[in-house]
Amino acid sequence: MVIVLEKGIRDDDKQRIRTFLEKNSLRVNEIAGDEETIFGAVGKVGIDPREVEILPGVQRVIPISKPYKMASREFKRENSVVNVRGVKIGGSRVSVIAGPCAVESREQMLESAARVAESGAVMLRGGAYKPRTSPYAFQGMGEEGVKILREAGDAWGLPVVTEIVSSEHIPAMRDYVDVYQIGARNMQNFELLKKVGALAKPVILKRGLSATIEEWLMAAEYLLASGTEDVILCERGIRTYEKATRNTLDLSAIPVLRSLTHLPIIVDPSHAVGVRDKVPPMALAAIAAGADGLIVEVHPCPDCALSDGAQSLYPEQFEKMMRDIEVLAPVVGKAVSRRTLATAAKPAQTASAVKKSKLDGQAICAYAGGRGAYAEEAIIRYFDGDAQTLPTSNFREVINAVLDGKAGFGMLPIENSLAGSVYENYDNLARYEDIEVVAEVTLRIQHSLLALPGASLEGITSVYSHPQGLAQCDDFLSRFPQWKHIETESTSLAAEIVAASGDPTRAAIASETSGRVNRLESLKSGIETNPRNYTRFVIIARSGEIVCETPNCASVIFTVNNEPGALHTALGLFMKHGLNLIKLESRPVQGEPWRYRFYADVTLPQGVGESVVSGERLKMALAEMGKIDQDKGIVQGVRVLGLYNSKEIL
Ligand code: PEP
Ligand code: MN
């Protein structure tokens with residue numbers, strides 16, 4: 001059963017409830033969610049929920065109707081995220097595990113790790129104990145293989161996953177393995193499940209060759225009931241009458257599981273199809289269907305592989321597949337997980353700032369708006385859940401929080417693909433000289449029309465949102481010309497106002513998350529005029545604190561006099577030094593009619609040595625601009641807003 005605790009419950013009441021449940025032979029798990037804290041209690045003997053309901057501090061008791069308890073969605077409403085030494089699986093990311101079917105040699109494994117890591121895998125696979133159909137086939141390198149796998153993973157900062165076929169192997173494996181894989185053939189080996197679950201390490205549980213979804217979840221329950229909290233389900237194809245592929249990949253299992261369980265779901269397209277060229281299309285289909293990640297076989301020389309060569313991708317194929325996934329993931333609202341140490345714009349930048357804005361070991365990033373704001377979502381995605389979000393009421397407060405040291409970073413929206421530039425922030429970047437742009441991210445924005453439970457579209461008379469929210473939904477809003485539009489400081493504030501008003505004739509345009517947080521219902525979702533609706537955010541920090549080692553973009557501001565050729569002269573310098581100008585924005589200089597400040601974004605190519613070369617080019621272009629400035633020429637006030645990484649669509 002699930003016991004929802006009262007908000008602000010006293011510690012002694014909480015302890016009393018726990019003791020009561022444990023005395024009744026129930027195992028108790030505390031789950032602190034965003035909106036409520038619950039106790040999940042499971043055990044062999046049932047107790048009357050009414051006995052629990054009357055305990056002080058209990059808000060309500062929900063019995064779990066499914067035979068699998070801890071694995072069920074009823075037990076935990078939020079999706080679980082499994083954290084493997086910093087690599088996360090689940091939530092709003094796509095995590096890719098790759099490597100050969102089997103560890104064959106040290107060279108093969110080191111080469112495999114290098115190739116998959118370079119293409120973006122976050123974890124390394126390789127079987128050391130192989131469950132082969134034929135007793136005469138290669139059975140794996142055993143203990144030596146496990147050690148080699150670990151060495152290769154460590155060389156590239158990749159946690160490792162390998163299959164366990166017998167609990168006898170635990171002593172040989174436990175010091176080296178990050179994630180145990182239970183293979184399809186062992187899904188219902190309950191003794192093995194109990195022993196592996198008791199190790200309390202993450203486990204990938206593959207679906208049995210002919211297992212139903214319920215049997216699969218019951219197997220997951222064995223693991224959870226034995227001690228591990230981290231189970232990842234892996235769909236790898238089931239046995240059907242079809243012979244064209246090795247198995248039939250059951251992609252419909254993904255949405256089915258999503259409603260039944262909170263556990264992360266990954267897909268193994270390699271064992272599903274058994275033929276190399278069918279792997280990438282099914283990998284993409286799995287991501288489109290909502291998978292949290294993939295486990296894919298990649299071999300440096302598939303033609304020499306000792307097992308499953310025919311389904312192993314060439315490293316080049318894997319690289320192309322990863323690029324395709326990068327494009328697809330944002331369409332389904334996800335971002336591809338990256339090895340943290342390899343992404344210069346993330347840890348290299350956060351590393352120094354973390355020290356200065358530390359709270360419970362986390363970086364702090366300020367944003368304008370309340371819970372559920374799009375900027376908050378951008379922070380969660382960009383820092384992959386490792387930063388604390390600090391809400392403020394407007395953009396200036398974000399900047400002040402950064403300048404005062406309350407936050408190491410600030411997230412500011414700068415441009416929307418439907419509604420255009422956020423001028424206020426362009427002006428802010430110029431006004432505050434002690435801040436710098438340290439990264440840039442793009443987030444897909446999906447708006448919902450939120451109202452009180454029971455409200456209807458017909459009954460709405462006014463709609464609240466940030467001007468950008470209103471502008472991005474103008475097609476939808478034009479269908480209701482009678483609605484009054486009321487502008488708010490942020491979309492999340494619009495949701496708060498509507499919730500607090502208790503008035504069913506009011507609606508807000510904001511995110512689904514804002515709706516959840518404010519207990520509003522969505523009258524219609526996806527109301528943005530075009531689904532390709534993206535907002536570009538800049539991440540700011542105090543000047544000089546963060547150095548991006550491999551920038552691919554730079555932003556520069558300068559003013560020009562109101563005279564012929566002024567802008568032409570400035571831009572001509574970018575051209576002269578071979579820099580690609582990708583965006584130019586102009587804003588009036590306050591108090592000086594008809595003088596303009598220009599914001600120029602230029603790209604710094606990323607080929608070998610290129611970013612260094614183009615960094616030099618930028619310096620030369622700016623030096624020349626600066627010289628004109630000093631000579632009191634027509635270009636003035638040249639300032640570099642930042643050299644940073646701009647690449648991610650979150
Ligand atoms: C494997 O991952 O190498 C493997 C044997 O997978 P499955 O158990 O899905 O057949
Ligand atoms: Mn295999």
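First listed ligand is number 1; within each ligand, the first listed atom is number 1. This chain uses plain numbering: 1 for the first residue, then up along the sequence.
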Quick test: of every protein heavy atom, which one is nearest to [atom], and how far off is it to 0.1 Å?
{"atom": "atom 6 (O) of ligand 1", "result": "K206 NZ, 2.9 Å"}
{"atom": "atom 4 (C) of ligand 1", "result": "H271 NE2, 3.4 Å"}
{"atom": "atom 8 (O) of ligand 1", "result": "A184 N, 2.7 Å"}

OG-CE distance between S119 and M321, expressed to the nearest 0.5 angstrom: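 S119 OG to M321 CE: 9.5 Å, rounded to 0.5 Å.
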Considering only heavy atoms of [X], which atoms of ligand 1 have at least one such atom less than 4.0 Å away?
{"X": "R185", "result": "7 (P), 8 (O), 10 (O)"}
{"X": "R236", "result": "7 (P), 9 (O), 10 (O)"}
{"X": "G183", "result": "8 (O)"}
{"X": "E297", "result": "3 (O)"}

Going by an N to O cut-off under 4.0 Å, is there a salt bridge joining [X] and [Y]?
{"X": "D292", "Y": "R258", "value": "yes"}
{"X": "R115", "Y": "E316", "value": "yes"}
{"X": "E377", "Y": "R381", "value": "yes"}
{"X": "E326", "Y": "R323", "value": "no"}
{"X": "R246", "Y": "D308", "value": "yes"}
{"X": "R125", "Y": "E297", "value": "yes"}

R207 to ligand 1, any heavy atom closer than 4.0 Å: no
State whether the shortest distance between N or O atoms of [X] and N or O atoms of ligand 1 falls below 3.5 angstrom.
{"X": "E163", "result": "no"}
{"X": "Q181", "result": "yes"}
{"X": "K130", "result": "yes"}
{"X": "C101", "result": "no"}

As a test of reading the structure, name the N/O/S atom of [X] that is nearest the Mn ion (ligand 2).
{"X": "D308", "value": "OD2"}
{"X": "E297", "value": "OE2"}
{"X": "H271", "value": "NE2"}

Aromatic centroids of Y382 and F537 separated by under 6.0 Å: no
F409 and F383 aromatic ring geometry - parallel, tilted or perpendicular at 30°/60° bounds: tilted
V146 vs Y129, side chain to side chain contact (heavy atoms under 4.5 Å, CB included): CA-CA, chis, key distance, verdict: CA-CA 9 Å; V146 178; Y129 299 92; 3.9 Å; yes
